[in-house]
Protein chains: 2
Amino acid sequence: MGVQTDLREKLISDYAKLSPQMQKAARYILDHPNDVALRSMRALARAANVPPSTVTRLMSAIGVETWRDFRDHYQDRLLDNPASYAQRARETQRTDNDSNRDAHLLESICRTEIDNISAAFSPDFVPHMITACEAIEDARQVFIVGSGAAYPAAFQFAYAYRLFCDNGVLVDGRSGAFGDELRGIGRRDILIAVGAKPYIRDTVRAVEYARSQHCPVIAVTDSDVSPIAVDARTTLVARDTSQSFFQSFTAALSVMQALVALLVARGGPKALQRIAAAEEQLAVFDTYLED
Amino acid sequence: MGVQTDLREKLISDYAKLSPQMQKAARYILDHPNDVALRSMRALARAANVPPSTVTRLMSAIGVETWRDFRDHYQDRLLDNPASYAQRARETQRTDNDSNRDAHLLESICRTEIDNISAAFSPDFVPHMITACEAIEDARQVFIVGSGAAYPAAFQFAYAYRLFCDNGVLVDGRSGAFGDELRGIGRRDILIAVGAKPYIRDTVRAVEYARSQHCPVIAVTDSDVSPIAVDARTTLVARDTSQSFFQSFTAALSVMQALVALLVARGGPKALQRIAAAEEQLAVFDTYLED
DNA sequence: AACCATGTGAAACATGTGTTTCGAAGAAAT
DNA sequence: ATTTCTTCGAAACACATGTTTCACATGGTT
């Protein structure tokens, strides 16, 4: 029985009693354990935005003699836990009892999610993404529609977009019917529609309505031939392959986030300025917890 | 420039052409690859019973600029940052002219997202996930709270959970204040709280209230020491590292989806049956588009 | 023999490392 | 207001690190 329990636990349990700066260091260590094993103390301190002395002090605060002891602990941990996917998969398959079936499922989910995202961000994807950006930048109003499981992705875009542009409209059917929210949509607007099979009727109808009003559509969907993608200005394909019964909208969410990031990057300092203003406003409303 | 294939191969193939002392160093490196990642060059030289200059010479003999490059390579291997990562990153960095900046950004976003998901599904994560499932299965009511950028993840879980269980409550502050929705929460319930830095006050307050009512909490957050995770029954850490200005809740969404998948898997055929019923109901309401 | 070529390790070097010290700044208590 | 007490970061420190330099040795070739 080791005298020292796991240093990570110690760090967590003592966290509340540490001084603010030490908390910053402790938090960085908890969030980036590999940095402890692989990088120098000073480098870690820099990354955590803390002077080196704080880290030394943290060591004695949690009862560790020297940084070296601490680092050795993390190095040992790194050597014991091979992070390799292949190795993990092999191990879980080797002992296929009941408790490991869950682990195997999670492993499989993880791989699928990564595959989906990788596929979404293929090189062919870039020009479509840029086209979408241009369309959004030129639009008078930006409507976003996504129902059911696709709603999170639509919401995410609308939420982030609102922070630096005020011409976004999330069409979620909450303020009355879909028709109300889409009123006045036209050729100078853009509709971003998110959805995968099984396609939700409301979403498809919104797309059809927009098309009838000559409003171009950006489709974030699971296939180039999805009903959402018919006659779309651009189609961003985000696979929803899932290990479970449900579709996975992880890739779609990721694409939406990437779209926002790209818009901000193209918007330059002006966009950043607006974001700063929005953040300040949120701070005024006491939305966030102070550190 | 030719991308370096695995340095280990290079070391083996050139072994015969090296001078005796360099062979001694090379042999030690081949036998103790982890020493390269974790120990210093001088320490490795001592262990190999060779002066430091020999190791430096070995570096240039195998065409590596500096010991640091060599060590980084071995560190990446230890972390199992698949070689394809580094390779893809270098390729995109290579063509870093102005026209490709967007492509580079997207590439970088993709890599970060994958990192986040990988980190979230680490092996240590499995037991926490199982604990969370058990807590949910035993709970009378399942409250889900997540504001701002975390809302998509919370919504996603609530939406999917509703398809096979009817004791889920999404606390979104829409039907009145947070307090109303949390009314009656107690020790037999469970609260799933999603949030990352900067922490939204309402979410933290919901967690504190739940705790004050002795209701256990499952925290899906960005750190073990997040205010949301204080005294939590289980903490599922989902990093939100992002290339853009915004946090990325992709990993959190993925974790929530995995939680649902696991619950269904553990629920067995009964859960599937309920899902089928729910789907049928949706079909009755003409929600989906028929093929 | 003299000569080059090559292999080698000790020492020098600038920089980086982990730790300690010290004084300032602020809060808490008297 | 004065005194503790804590927290903190800059600077100093002694040592380690990766690299380069240089002198010396060895062995082979003229």
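We name chains A, B, ... by the order of the sequence lines, and we start the count at 1 in each one.
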Lys24(A) NZ to dC8(D) P, in whole Å, measures 10 Å
From CE of Met59(A) across to P of dT20(C) the rounded distance in Å is 13 Å
With distance as the sole criterion, do the side chain of Arg42(A) and the base of dG18(C) form a donor-acceptor contact below 3.5 Å? yes
With the threshold set at 4.0 Å, does a side-chain nitrogen-carboxylate oxygen contact exist between Arg266(A) and Asp102(B)? yes
When rounded to whole Å, the CZ to P distance for the pair Arg39(B) and dT17(C) reads 18 Å
Rounded to whole Å, the CZ-P distance (Arg57(A) to dG18(C)) equals 16 Å
From CH2 of Trp67(B) across to P of dA16(D) the rounded distance in Å is 18 Å
- prompt: Is the shortest heavy-atom distance from the side chain of Arg77(A) to the side chain of Pro33(A) under 4.5 Å?
  reply: yes
- [ ] Could you check whether Ser40(B) gets within reach of a base, just the sugar-phosphate, or nothing at all, counting any heavy atom under 4.0 Å?
- [x] sugar-phosphate
Arg71(A) CZ to dA16(D) P, in whole Å, measures 13 Å
Taken in chain and number order and not counting sequence neighbours, the residues that satisfy salt bridge (charged side-chain N to carboxylate O under 4.0 Å, His left out) with Arg27(B) are Asp31(B)
The reported gap from CG in Leu30(A) to CD in Glu9(A) (rounded to nearest 0.5 angstrom) is 9.5 Å
Whichever of Val50(B) and Arg68(A) has the more 5' nearest nucleotide on DNA chain C, that residue is Val50(B)
| task | Determine the contact category for Thr56(A): base if any of its heavy atoms lies under 4.0 Å from a base atom, sugar-phosphate if only primed atoms, P, OP1 or OP2 are that close, otherwise nothing. | result | base
Taken to the nearest whole Å, CG/Leu58(B) to C1'/dT6(C) is 17 Å
Q.
Under 4.0 Å from OP1 or OP2 of dG9(D): is there any side-chain N or O of Thr54(A) that close?
A. yes
Winner on side-chain proximity to Ser53(A), out of dG18(D), dT20(C), dC8(D), is dT20(C)
To the nearest angstrom, the CZ-P distance between Arg46(B) and dA10(C) comes to 13 Å
